[in-house]
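What follows is a set of notes on a single structure, which appears directly below.
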Amino acid sequence: MDYKYLSELLFPSVTKTAEDLEVEFPARNLKEGAIVSRMAPSPTGFVHLGNLVQGLTSERLSHQSGGVLFLRVEDTDRKREVKGAVETLIETLKHYGIQFDEGATMDGDNGIYAPYRQSQRASIYHVYAKKLVSEGQAYPCFCTEQELEEMHAAQEKECANFGYFGKWAKWRDRPIEEIEQMLGEGKPWVLRFRSTGSIENKIKFTDLIKGEVEVTENDIDHVLLKSDGIPTYHFAHAVDDHLMRTTHVVRGDEWLSTLPFHLQLFRALGFKPPKYCHIGPLMKMDGTSKRKLSKRKDPELALTYYKAEGFPVEAVYEYILTVLNSNFEDWRRANPNAHTDEFKFSYKKMNPAGSLFDAAKLRDVSKNVISKMTAEKVYELATEWAKEFDVDFYEKLTADMQRTLSIFAIGRGGNKPRKDYAVWSELKEYMGFFFDDYFKLCDQPDERFDRAVIAKIVREYADMYNPEDEQNVWFDTIKALGEKYNFASNMKEYKANPENYAGSVADVSGFLRLAVTGKNSSPDMYAVMSILGKEKVVERLNSYAAEIVK
RNA sequence: GGCCCCUUGGUCAAGCGGUCAAGACAUCGCCCUUUCACGGCGGUAACACGAGUUCGAUUCUCGUAGGGGUCACCA
C-alpha cells in the first residue's frame with residue numbers, strides 16, 4: 001500500500017507539515033517547574049460542579065507554579081451543539097472568578113496558540129491526520145452506522161469484546177482501489193487509528209493522583225476524524241495539548257479507560273505526553289442511602305443552581321478546596337483571614353477515590369464565609385443576587401441603604417459573629433420582618449403562657465418603650481416589667497426554683513420578639529427595635545396584643 | 001460481559017507496619033446566655049470480608065464482596 005499516495009488522496013489541500021506547526025506554535029518559555037494547564041469543557045449549555053473542581057485544580061496547579069492556565073472550548077460535537085452555550089460557559093467561569101491567562105473569550109481569542117475553539121482548528125488537525133495516513137498509522141473507514149451496529153450485535157452474540165479491531169476492522173486493510181472507488185462515489189468516511197496494541201499487554205503508568213496504574217493496551221482502531229472532518233476528543237486532545245504546550249492535564253477519571261489510547265496516540269504523533277491528574281468522580285446521594293454518580297442532569301450539580309441559591313462564590317471555592325485538599329480545613333483554621341491563594345495546594349493531597357457531595361457541609365462553610373464579611377460586603381453581594389433573582393426584595397434592600405447596612409451589621413464583627421444564613425436566598429426569611437410588606441406572624445407563642453397575660457405585658461411594654469434608652473436601661477425596663485408579673489429577672493434564681501415563678505425574663509423577651517418580628521428567633525432585639533423605630537415597634541406590639549387574644 | 005478505578009463513623013476526611021484510629025460537618029447532651037444565635041465542653045459513631053507476609057497489620061500482597069467508571073462518528 002502506498003500510504004503517501006493515500007494521504008494525498010484523502011487530504012489533497014493540506015500543504016502544511018507538522019514541522020511547520022512546530023514553528024508556528026513554539027514551545028513556551030517558562031521557568032523550570034512551571035505548569036501549563038487548561039480547562040477544556042465542552043459547551044453543553046451549563047457548567048457542572050465537576051467542571052469547577054477540575055478547573056480549580058488546574059488553576060491552582062498552574063498559577064501556584066508560575067505557569068499558565070488557558071481556556072479551550074471543546075466544541076467538536078455538532079450534534080450536541082447548544083446555542084449560546086459558549087457564552088454561558090465563559091460567563092459562568094467568569095462569575096466563579098477563574099482567571100485565565102489565555103484562551104477563548106467572549107469576542108474571540110486571547111493568546112498566541114489560537115484558535116482556542118476546537119471547531120476552528122480543523123486545518124491543524126488535518127495536518128497530523130495526513131501525516132498519520134502517510135505513515136500507515138491511520139486509514140479511512142467507510143462503514144455505515146448500520147454496519148457498525150451489526151458488528152456490535154455480532155460481537156454481543158459471540159461474547160467477543162466490543163469495538164472496531166482485529167477481524168472486525170473491515171477497512172483496516174482494504175486495497176487502495178476500493179478506497180478510491182468509495183471516495184469517487186463521494187461516500188462519507190471517518191479516519192481511524194491503526195492500533196498496533198494488544199490486550200495481552202499491560203502498561204504501567206503513573207497518574208499524579210491515582211499513583212501507579214496498570215492498564216491494558218488499546219487494540220481498538222478508534223475514530224480520529226469524524227465524517228465531517230472534525231476530530232474526536234482523543235485526537236484533538238493529543239494535537240491541542242501538544243501544540244498548546246500543556247504540561248499537566250487535569251480531568252475526571254472517566255478518562256482513565258481511554259488513557260492507553262491517548263498514550264498510544266501521543267507516541268504515534270511523536271509527541272511527549274503530558275502528566276495526568278485523574279480526579280475521582282463527585283457523587284451524590286440518590287434517594288434512600290444509595291450513592292450514585294453525579295449525572296449531567298442533577299440540577300443541584302449545575303453551577304447556575306448555586307448562583308441562584310445565592311451561595312457566595314468564595315464559599316463554593318472554600319468548599320471545593322476542603323474536598324480537594326484534606327489539609328485545607330486545618331490551614332483555614334490556622335489562617336482564618338488569609339486569601340485562599342496563599343494555601344499551598346497539592347495534587348498529592350487529593351483523594352484518588354470519588355467523594356459524595358455534602359450539601360450540609362457546603363452550607364456550614366458558606367455560613368462561616370458570610371459571617372466573616374463586612375456589612376458592606378454582604379450588602380454588595382446580597383443586592384447583586386437579589387437584583388437577578390428577587391427584584392422586589394432588591395428594591396426593598398436598596399431603598400434605604402444605610403438602614404439595610406445597619407441590619408446587616410447586627411451581630412457582625414468581633415470574635416463570635418452570628419451565623420444566621422448560608423445563602424442569599426435565605427435572607428428574606430431572616431430579615432424580612434424589617435419590611436412591612438414581608439412582616440407576618442410566623443410562629444406561635446409558647447403554650448405554657450396565658451395569652452391574656454402575654455397581651456397585657458406586650459401592651460404595657462408598648463407604652464414604656466423608649467428608643468433613647470441605653471441597652472442596659474432598655475433591658476432593665478423589660479426585667480422590671482416581667483417582675484411585675486412574677487417573671488424572674490435573675491436567670492440563676494429562676495433555674496434554681498422555677499416553680500416559684502410564672503416564667504423568666506427570657507420568656508418576656510420572647511413575647512416581645514414574637515410581637516415585633518413575628519418569629520421566635522431573630523437577631524438582637526435591642527438592635528432590631530432601634531432600627532425599626534419607636535412608631536413601628538409600638539404599632540406592632542399593640543396590634544399583636546390585640547391579635548393574640550382574639 | 002471485558003477492562004479499569006475505588007473501599008476508615010451518617011458525610012468529608014487524617015493516617016503511609018506498633019496511634020487509646022485525628023479533625024470537620026451532621027446528630028445528641030451539658031454549660032454560657034435577656035431572646036435568637038455564636039461560642040465552650042462532652043457523648044454516640046469507623047478501618048467491608050477472608051486469607052497471606054510479619055513479632056505485629058487500618059497501613060503491604062492476593063482473593064471475595066460492594067460502589068463507581070468505561071467499552072460512540074459524546075466529551
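In what follows, chains carry the letters A, B, and so on, assigned in the order in which the sequence lines appear, proteins first and then strands, with residues in each chain numbered from 1. Just so it is clear, the model here is predicted, and its values are computed rather than measured.
Here the nucleotide nearest the side chain of A/Val213, chosen from B/A26, B/C5, B/U34, is B/C5. Side-chain proximity of A/Val323 to the nucleotides B/G1, B/C5, B/C12 is greatest for B/C12. Side-chain proximity of A/Glu329 to the nucleotides B/A24, B/C6, B/C38 is greatest for B/A24. Listed candidates were B/A37, B/C5, B/A75. Nearest to the side chain of A/Asp253 is B/C5. The side chain of A/Arg333 lies closest to B/A24 when the candidates are B/C3, B/C73, B/A24. Checking B/C25, B/A75, B/G23 against every side-chain atom of A/Asp330, the shortest atom distance belongs to B/G23. Among the nucleotides B/C32, B/C25, B/C6, the one closest to any side-chain atom of A/Lys495 is B/C32. Checking B/C73, B/A72, B/G23 against every side-chain atom of A/Val190, the shortest atom distance belongs to B/C73. The side chain of A/Ala506 lies closest to B/U34 when the candidates are B/U34, B/A75, B/C5.
For B/C73, the base has a donor-acceptor partner in the side chain of A/Ser227 [N/O atoms by modelled type, under 3.5 angstrom]. Residue-to-nucleotide contacts include no donor-acceptor pair under 3.5 Å from the side chain of A/Arg363 to the base of B/C25. Taking only distance into account, the side chain of A/Lys361 meets the base of B/A24 through a donor-acceptor pair shorter than 3.5 Å. On a pure distance criterion of 3.5 Å, no polar donor-acceptor pair joins the side chain of A/Lys492 and the base of B/U33.
Cation-pi contact between A/Arg251 and A/Tyr276: absent, since separation from the ring centre below 6.0 Å together with deviation from the ring axis within 45° is not met.
A gap of 27 Å separates the C1' atoms of B/A14 and B/G50, to the nearest Å. Nucleotides B/G42 and B/C6 are separated by 37 Å at their P atoms, to the nearest Å. Comparing B/C60 with B/C5, their P atoms sit 15 Å apart, to the nearest whole Å. Separation of the C1' atoms belonging to B/U11 and B/A65 is 23 Å when rounded to the nearest angstrom. Taking the C1' atom of each, B/U64 and B/U7 are spaced 13 Å apart, rounded to whole Å. B/G40 and B/C25 have their P atoms separated by 9 Å, given to the nearest Å. Look at the C1' atom in both B/G29 and B/A13: the space between them is 25 Å, to the nearest Å. Nucleotides B/U8 and B/C4 place their C1' atoms 23 Å apart, quoted to the nearest Å.
With a cut-off of 3.5 Å on both pairing distances, the Watson-Crick or G-U wobble partner of B/G42 is B/C28.
Side-chain contact check for A/Tyr501 and A/Glu493: at least one donor-acceptor pair (N or O, by modelled atom type) lies under 3.5 Å.
Taking only side-chain nitrogens and oxygens, A/Arg192 comes nearer than 4.0 Å to OP1 or OP2 of B/C73. A close approach under 4.0 Å does occur between a side-chain nitrogen or oxygen of A/Lys349 and OP1 or OP2 of B/G15. Here A/Lys419 does not reach the OP1 or OP2 of B/C25: none of its side-chain N or O atoms lies under 4.0 Å away. The side chain of A/Lys202 contributes an N or O atom lying less than 4.0 Å from OP1 or OP2 of B/C4. Here A/Lys226 reaches the OP1 or OP2 of B/C74: one of its side-chain N or O atoms lies under 4.0 Å away. Between A/Thr76 and B/A75, a side-chain N or O to OP1/OP2 separation shorter than 4.0 Å is present. Proximity of A/Lys79 to the phosphate of B/C74: a side-chain N or O atom is located under 4.0 Å from OP1 or OP2. Between A/Asn161 and the phosphate of B/G1, there is no side-chain N or O to OP1/OP2 separation shorter than 4.0 Å.
Heavy atoms of A/Asp507 sit nowhere under 4.0 angstrom from any nucleic acid atom.
Aromatic ring centroids of A/Phe266 and A/His237 lie under 6.0 Å apart.
Counting only heavy atoms from C-beta outward, the side chains of A/Gln118 and A/Pro231 never approach each other to under 4.5 Å. Proximity of A/Val528 to A/Pro523: side-chain heavy atoms (C-beta onward) are separated by under 4.5 Å at one or more points.
Each of A/Met350 and A/Lys367 was assigned the nucleotide of RNA chain B with the nearest heavy atom; the assignment lying further toward the 5' end belongs to A/Met350.
Comment: A/Glu426 engages A/Arg363 in a salt bridge, judged by a side-chain N to carboxylate O separation of less than 4.0 angstrom.
Nucleotide B/G39 holds its C1' atom 14 Å from the CG atom of A/Asp420, rounded to whole Å.
Counted within 6.0 Å of CD on A/Glu150, heavy atoms from surrounding residues, nucleotides or ligands total more than 12; the atom is thus considered enclosed.
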